[in-house]
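These notes are about the structure you will find just below.
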Number of protein chains: 2
Amino acid sequence: MKKKQFKTLYPRNIETVNGRPLDYCGIRCSMEVLGGKWKLLIVAELFKSKKRYSELKRSIPEISEKMMISSLQELEHHNIVVRTVVEAIPPQVEYSLSKYGQSVRPVLETLFGWGEGHIKKHSDKIFH
Amino acid sequence: MKKKQFKTLYPRNIETVNGRPLDYCGIRCSMEVLGGKWKLLIVAELFKSKKRYSELKRSIPEISEKMMISSLQELEHHNIVVRTVVEAIPPQVEYSLSKYGQSVRPVLETLFGWGEGHIKKHSDKIFH
DNA sequence: ATACCTACTTACTAAAATGTTAGTGCCTTA
DNA sequence: TAAGGCACTAACATTTTAGTAAGTAGGTAT
């Protein structure tokens, strides 16, 4: 069983990376850690409340098992989400936001806000 | 020459989409319009100042022609970026942010800020 | 006995995103 | 005369991301 590899394309240097300025690195880093089709949606669910795996699945039914698990594992790896096993029968696994995970709130809110605005702005074009 | 197709997976309904709540749609929409490897970096460059195509390329040299062009076309399609042809010899094409494009600033700043924080937080682990 | 629940893992496939290379036509500089 | 800048376009290849389907192991309900 080989260890799972998580990407860390973080820069080697805090000021610039290969001559790239920090804004570039910051944006890239955010997208790497929080980007992808499902991660922010999962985080949004966990902002509402901590949830068991199966509850999480029910709240985002269009996600596949595979993506749910791999997204959760990446979020856990980056210390945004905490996985807790509750000794019970049947065993329960609870996912919640870590303290650090709370820091994602502004990202979530800004993206949600912008997207909502964008939808409203273009709703006449879209809903023909 | 067939017309270029741009995705619009926008919801058909403002309140919920296939039973999905609005936060879900907003986040998805933002990621669709602004996501991807290069778009926000281009927008960040254009926040600094409007730029000609070749200047833009020079400021983000790791991007390929193809991605630069397709990203710019998508951003133009979504009315975030404005393309202006300057009649000169050789002809110049200027890209700048539209008024609507200015609304992306908070998204950019939040992602930049979070990513920068994340890099700093983990810099001890990363820079072994 | 059968089916289903839980929280996953594995192998495989499909689709989407990104990269590579070459080429366009016009003009300018060496 | 050759090379290079400009703003692209097109064909193709590769990489990355996401989806599908099945299996696991212990337990419960029918």
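Throughout, protein chains are lettered first and strands after them, A, B, ... in sequence-line order, and every chain is numbered starting at 1.
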Atom pair distance, as rounded to whole Å: [atom1] in [X] and [atom2] in [N]:
{"X": "B:K51", "N": "D:dC6", "atom1": "NZ", "atom2": "C1'", "result": "18 Å"}
{"X": "A:L72", "N": "C:dT9", "atom1": "CG", "atom2": "C1'", "result": "15 Å"}
{"X": "B:I69", "N": "C:dT18", "atom1": "CD1", "atom2": "P", "result": "16 Å"}
{"X": "A:M68", "N": "D:dG19", "atom1": "CE", "atom2": "P", "result": "12 Å"}
{"X": "A:E74", "N": "D:dA18", "atom1": "CD", "atom2": "C1'", "result": "12 Å"}
{"X": "A:L41", "N": "D:dT17", "atom1": "CG", "atom2": "P", "result": "17 Å"}
{"X": "B:K57", "N": "D:dG5", "atom1": "NZ", "atom2": "P", "result": "12 Å"}
{"X": "A:E55", "N": "C:dT6", "atom1": "CD", "atom2": "P", "result": "10 Å"}

Of the nucleotides [options], which one has an atom closest to the side chain of [X]?
{"X": "B:Q92", "options": "C:dT9, D:dA7, D:dG19", "value": "D:dA7"}
{"X": "B:Y53", "options": "D:dA7, D:dG19, C:dT6", "value": "D:dA7"}
{"X": "B:R83", "options": "D:dC6, C:dT18, D:dA7", "value": "D:dA7"}
{"X": "B:V93", "options": "C:dT6, D:dC8, D:dT9", "value": "D:dC8"}

Within less than 4.0 Å of OP1 or OP2 of [N], is there a side-chain N or O belonging to [X]?
{"X": "B:S54", "N": "D:dG5", "value": "no"}
{"X": "A:K37", "N": "D:dG19", "value": "yes"}
{"X": "A:Q73", "N": "C:dC8", "value": "no"}

Should the pair [X]-[Y] be classified as a salt bridge under the 4.0 Å nitrogen-to-oxygen rule?
{"X": "B:E94", "Y": "B:R83", "result": "no"}
{"X": "B:E45", "Y": "B:K51", "result": "yes"}
{"X": "A:E32", "Y": "A:R28", "result": "no"}

Taking the nucleotide of DNA chain D with the closest heavy atom to each, which residue, B:R52 or A:G35, is nearer the 5' end? B:R52
Quick check: do [X] and [Y] have side-chain heavy atoms less than 4.5 Å from each other?
{"X": "A:E65", "Y": "A:Y53", "result": "yes"}
{"X": "A:K50", "Y": "A:L97", "result": "no"}
{"X": "B:V86", "Y": "B:V93", "result": "no"}

Which one of A:T84, A:V82, A:L46 satisfies the side-chain contact (heavy atoms from CB on, under 4.5 Å) criterion with A:Y95? A:L46
At under 4.0 Å between heavy atoms, which parts of nucleotides 20-30 of chain C does protein reach? Answer with one letter per nucleotide, 5' to 3': B base, S sugar-phosphate only, - none. B------SS--
